[in-house]
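Okay, so here's the structure we're looking at.
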Amino acid sequence: MAQLIVFLPLFGFLFCFFFGKIFGFKASQIITTSFLFISAILSWFLFFSYLGEREMEVIYIFNWFTSGNFIVDWSIRLDSLTTTMFIVVCSVSACVHLYSIGYMSNDPSKERFMGYLSLFTFFMLMLVSSNNLLQMFFGWEGVGLASYLLIGFWYHKPSANNAAIKAFLVNRIGDFGYALGIGGIFYIFGSVEFSVIFDNAESFKDHSIQFIGLNFSTIDLLCFLLFIGAMGKSAQLGLHTWLPDAMEGPTPVSALIHAATMVTAGVFLVARMSPLFEYALFTNLFIIFIGASTAIFAASIALTQNDIKRVIAYSTCSQLGYMFFAAGLGAYNASIFHLMTHGFFKALLFLSAGSVIHAMHHEQDMRKMGGLFKKIPFTGAMMWIGSLAIIGFPYFSGYYSKESILENAYYSSSSMATFAYTVGILTALLTAFYSWRLLFMTFHGETRSDKKTFDHAHESPLVMTLPLILLAFGSIFAGLLFSNFYIGKMQYSFWGNSIILHESKHHYLPFIQTLIVKSSVAIGVMLAALIYFYKNHLSKNLANNLYPLYSISLNKWYVDELYHSIFIRPYFYLANLFWKKGDEKIIDGCGPNGISKLISISSYYLSRFQSGYLYHYAFVMLGGLVIILTWFIYY
Amino acid sequence: MTDIPILSLTIFLPLLGVIVILLIKDDENSINNIKKVALLTSVGVFLLSLFIWLQFDNSNPGYQFQEKFRWFNDFNFYYHIGIDGISLFMVILSTFLTPLCILASWESIKKRVKEYMIAFLTLETVMIGMFSSVDILLFYIFFEVVLIPMYLIIGIWGGDRRIYASFKFFLYTLLGSVLMLIAIIAIYRLTSSMSIEDLQGNYFAKNVQMYLWLAFFASFAVKIPMWPFHTWLPDAHVEAPTAGSVILAGVLLKMGGYGFIRFSLGMLPEASEYFSPLVMTLSIVAVVYTSLVALAQTDIKKLIAYSSVAHMGLVTIGIFIVNAQGLEGAMIQMISHGVVSGALFLCVGVIYDRMHTRDINFYGGLVNRMPIYATVFMIFMLGSVGLPGTSGFIGEFLVIVGAFKYSSIVVIGSATGIVLSAVYMLYLYKRIIFGEMSNKKLIEILDLNNREKIILIPLAIAVIFIGIFPNIFIEPMRLPLESIIFNYELANAK
């Protein structure tokens, strides 16, 4: 069954790749979508079977390669962590496949698109079901490839191409760390199999290692390297710049890859390796710091963005920050639970945004929207559900997971946890603000679009609304249904050995703290309502009065500009310098060209001796005779 | 089975083809016959080499399919050939690429077709002969003779600056070879033996090893090529015809890596240990420096040539780490690079044949007219970048893993390739394939024809096949490499 779940998407891709053109796009759409739905249904079955106390299971496929004692197998590891990821990936992917049939209906290369989506799903499933770090790396880089292909799907757009390259390269910088981490783990543990690493993790607790001349705690270093990979994939502060640009891809892609699944791979990595991260004390602090900073940093940018997709992209970034600081605190279960609920509501938000964009004929600028609720009430309702879930409105899915993260931060004793908790509450406020800003700017108030577009705005077809309903269902009920298993009473039997669980008595926040959290969310919503609904000119005034702050947020803290001038420009400069000066001037100039010039010059002067004049020769002979005579006479 | 000299047959079958071609009249009508003979011969050789692979015994660490005849009565020179797990795939790489090269030259070579095919078949004989020599003198002869057809291929069928390039190529490699010849004479004087097989181990005093090592290094470092001896390569590639570049990148560069494993590690272990920091330094510089230089190129072939230097840097790192992962990684990287860079040069050839320029800025938006081309190019690009699931990954990753036992700086140096290779390859791909078709001259460009599909699709399959099933390639070389590692560690008392 697990093999079917993992490999059906691959078959879907292969079908599109080889026969897509022959059988037409209808066949591709039907095959990939139905395969994905089969995968999704099977993965729910599998998931339910793991709700009880079921042992971890490894399905061996075949040996990938063996070099010395470096042994890597293709295999599928099944436990509650994997099955959780299975349901998130397969359900969202199935919805996105179905949705794409409608969304991409005017695109000339539909079979290619469906194929890429299935390919992505396959890699993602390989990633989450891996039993060793290397197969995970295969999936890891594979999703990077699929993301590159899908961001650059509209290859005639230069911005899309640049975004695709940026995504791939930034991810590769992360993968650099990840690869080093894998190598280091093999060096220390002698294996890349999870079970071997986990069994021996404790014995290396106090081990230290020399690396580039410095002394590091082994596990800290290894986890740090792995976390660099996670930062790249999950767009954490510093390596986050690719994610907003990735919105150049078609919207279903953003929903699937850049919101619900691929970007959460970093969180998954940390949770999967939790028995190792457990002992990485310093790295955990770093993770908390990066996670919390990303959460508020991205939220601060989302406040002022005008592109509907970018707002949601930064909100993804910010929510990933939550997941990371939860993981850094050791609350892996809360982190994964938030990953799951976030998968549903973020996909819902994105697909709803797609539905808006579809209705507005590919207009993404929220300044040209407004009042759309009357035209597309269904989409509006879905967006409301998604937004309620993301701010953690009681009994929506986000409520359980976010609350649990904040609880964990509150009850952890370190000062870093206090920082994370404060930032978490502040970010909750900002989240509420930008979510409602998006709702108001898009769906409510007076319309700012031109009349023609507004009149033509229409509700999306059934293939697009049905996935929204499914996801909305998940966004509302996922918390209610599963919180018991993930973070509640059943957590020990549910998680088993798949992640490290800390002794938690499932505290609730004290009343005053709950009040702070709730009221900060309410303040966010009210502020948004005030600025964007009741006093329309207020937003402009605020922007003018707080111009420095506004422009920092609008220009994404100038990180792109900074990177451009400190990395990209010097890189190109160095490339040209090495080529023109290094290769052509120094190596060739002193090497072959220099020597050949030397030879030709010296032969030129030597050949001058052969002048042909008799008296030259006679003079040289005479000179020679004098020298020889002198020699004989004096020595 | 032992009665048929199958290895000699493989080596000299191309020469038989040469004789047949010589017998064909050299006029307009028979050009096709010449091409067909050349193609059939090379396909035959490929099938023979596959047969050798099938018969190959993975559990035997020594040479197989040996043949041995004495050359001179008074000297210990033998015609001694054989194949072990290290040379097996070098031979197969040669026989695999040659028919593809002949096909690739089918229409692009218009003048002196007969001589061209003769040169190519001779080249094939010499390459196979070199990789299967067990006698050092025989190896040296083949090693040197390789230069002649390659020199002619660049010098006669090359581009505008072909004379400069072919001289540069010839002089660089010759300079190294002269030193190697001196080393070989010294070895014979010291041991009266010319057998690679017998000399494996630590037979020379350490100070002698030093001199011998440096002499061999001069030759192999130029061949592979290592920084800073690499500048002949971009020039040679740019001027060589497509098929010449393919063989140059696909096989001739591997002579260096092969030599390092056989001679430097196998015969001079103590000196290898002594000089390995030097090799590491040069290799890391190569990886970083040439990756940067590659980015600045405007000529597609030059870019790929520089990327070759970077990839070969990983090979030398892997070799001189001297452990199972490093050496096997280096070998797989060589095989993979042979396939991938050969394929990339063929891809360049495809558009060069149509547009007669290799200027990157001339192209753009090819995907609009050439979707199949874009797809196969993508696969090779990913192979070059080292994406898991392609051949490039296995070699690169094994080298990184192996390097951990050497030094953390080498690890970081070799892993920078992960990022840097992606930079220039993706940037290249974007500029050629993606975007709008802005150049009016490209509007009529055609996608791959059947001949080109037959050339490129097997290569694309090979890239993915090696990436998913690398064990098939690692297993034959495991035992011979283990014995080299064993000797090395014994000699250096590790």
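Bear in mind the structure is a predicted one, so any value in this text is a computation, not a measurement. Below, chains carry the letters A, B, ... as their sequence lines are ordered, and counting in each starts from 1.
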- side-chain contact (heavy atoms from CB on, under 4.5 Å) between A/F153 and A/R112, worked out: CA-CA 9 Å; A/F153 181 75; A/R112 187 162 63 94; 3.6 Å; yes
- Item | Option in A/I586, A/I182, A/N161, A/V72 with maximal non-hydrogen atom pairs under 4.5 Å from chain B | A/N161
- Item | Under 4.5 Å from a heavy atom of chain A, the part of B/Y172 involved | side chain
- May I ask you to check whether A/F137 and B/F393 place their ring centers less than 6.0 Å from one another? yes
- Item | A/N215 (side chain) donor-acceptor with A/S208 (main chain) under 3.5 angstrom | no
- Message: Could you check whether any side-chain heavy atom of B/I433 comes within less than 4.5 Å of a side-chain heavy atom of B/M381, counting everything from C-beta outward?
- Response: no
- Among B/A296, B/A324, B/G467, single out the residue with the greatest number of heavy-atom pairs under 4.5 Å to chain A. B/A296
- Task: Select one option (side chain, backbone, both, neither) describing which atoms of A/W74 are under 4.5 Å from chain B's heavy atoms.
- Result: side chain
- Message: I need the residue from A/F572, A/Y148, A/Y571 with the largest number of non-hydrogen atom pairs under 4.5 Å to chain B.
- Response: A/Y571
- Which region of B/L327, side chain (C-beta onward) or backbone (N, CA, C, O), has a non-hydrogen atom less than 4.5 Å from a non-hydrogen atom of chain A, or is it both or neither? neither
- Item | Region of B/E328 in contact with chain A, defined by heavy-atom distances below 4.5 Å | side chain
- Query: Relative to chain A, which segment of B/T375 carries a heavy atom at a distance below 4.5 Å: side chain, backbone, both, or neither?
  - Reply: side chain
- Query: For the candidates A/T66, A/N171, A/I173, which exhibits the highest count of non-hydrogen atom pairs separated by less than 4.5 Å from chain B?
  - Reply: A/T66
- Under 4.5 Å from any heavy atom of chain A - which part of B/L426: both
- Between chain B and each of A/P158, A/G184, A/G582, count heavy-atom pairs under 4.5 Å; write down the option with the most. A/G184
- Message: Suppose the criterion is salt bridge (Lys or Arg N to Asp or Glu O under 4.0 Å): which pairs have a residue in residues 129-147 of chain A, not counting sequence neighbours?
- Response: A/E141-A/R172
- Query: Is it the side chain or the backbone of B/M437 that comes within 4.5 Å of chain A heavy atoms, both, or neither?
  - Reply: neither
- A/D583/B/Y306 under side-chain hydrogen bond (donor to acceptor under 3.5 Å, both in side chains): CA gap, chis, key distance, verdict: CA-CA 11 Å; A/D583 259 26; B/Y306 275 110; 2.4 Å; yes
- Message: Has B/S483 got a side-chain atom pairing as donor or acceptor with B/P480's backbone, closer than 3.5 angstrom?
- Response: yes
- Among A/F123, A/F65, A/Y178, ring-ring contact (aromatic ring centres under 6.0 Å, His included) partner for A/F138: A/F123
- Message: Does any backbone or side-chain atom of B/Y424 lie under 4.5 Å from a heavy atom of chain A? Answer side chain, backbone, both or neither.
- Response: neither
- Query: Looking at A/W154, A/F186, A/W140, which has the largest count of heavy-atom pairs under 4.5 Å with chain B?
  - Reply: A/F186
- Message: If we define contacts as heavy-atom pairs under 4.5 Å, which of A/N593, A/L149, A/D175, A/L574 has the most with chain B?
- Response: A/N593
- Query: Checking A/L145 against chain B: side chain, backbone, both or neither under 4.5 Å from a heavy atom?
  - Reply: side chain
- Message: Does any backbone or side-chain atom of B/I472 lie under 4.5 Å from a heavy atom of chain A? Answer side chain, backbone, both or neither.
- Response: neither
- Task: Go through the atoms of B/I372 and report whether side chain, backbone, both or neither lie under 4.5 Å from a heavy atom of chain A.
- Result: neither
- Item | Greater than 12 external heavy atoms within 6.0 Å of B/F170's CZ | yes
- Task: Identify which of B/L387, B/I394, B/I409 forms the greatest number of heavy-atom pairs closer than 4.5 Å to chain A.
- Result: B/L387
- Should the pair A/F13 and A/F17 be assigned to parallel (<30°), tilted (30 to 60°) or perpendicular (>60°) ring geometry? tilted
- Select one option (side chain, backbone, both, neither) describing which atoms of A/L134 are under 4.5 Å from chain B's heavy atoms. side chain
- Query: What part of B/W232 is in contact with chain A, defined as an atom under 4.5 angstrom from a non-hydrogen atom: side chain, backbone, both or neither?
  - Reply: neither
- Run the side-chain contact (heavy atoms from CB on, under 4.5 Å) check on B/L171 and A/I595 step by step: do they pass? CA-CA 11 Å; B/L171 289 178; A/I595 291 173; over 6 Å; no
- Query: Do A/Q135 and A/S75 pass the side-chain contact (heavy atoms from CB on, under 4.5 Å) test, and can you show the C-alpha distance, the side-chain angles, and the key distance before you say yes or no?
  - Reply: CA-CA 8 Å; A/Q135 184 188 328; A/S75 49; 4.1 Å; yes
- Relative to the ring of B/F469, is the ring of B/F465 parallel (under 30°), tilted (30 to 60°) or perpendicular (over 60°)? tilted
- Of the backbone (N, CA, C, O) and the side chain (C-beta and beyond), which part of A/F62 lies under 4.5 Å from a heavy atom of chain B, both, or neither? side chain
- Contact origin within A/F70 toward chain B - heavy atom pairs under 4.5 Å: both
- Evaluation steps, side-chain contact (heavy atoms from CB on, under 4.5 Å), between A/V6 and A/M126: CA-CA 7 Å; A/V6 174; A/M126 282 305 262; 3.7 Å; yes
- Message: Can you tell me which of B/I485, B/T416, B/L481 forms the most heavy-atom pairs within a distance under 4.5 Å of chain A?
- Response: B/T416
- Query: Under a 4.5 Å heavy-atom cutoff, which of B/K168, B/E482, B/Q297 has the most pairs with chain A?
  - Reply: B/Q297
- Counting only heavy atoms closer than 4.5 Å, note whether B/K405 contacts chain A via side chain, backbone, both or neither. both
- Item | Top contributor to chain A interface from B/L382, B/V385, B/L175 [non-hydrogen pairs under 4.5 Å] | B/V385
- Under 3.5 Å: donor-acceptor pair, side chain of B/N368, backbone of B/G365: yes
- Query: Heavy-atom distance under 4.5 Å to chain A: side chain of B/F397, backbone, both or neither?
  - Reply: side chain
- Item | Close side-chain approach of B/Y363 and B/N439, heavy atoms under 4.5 Å | no
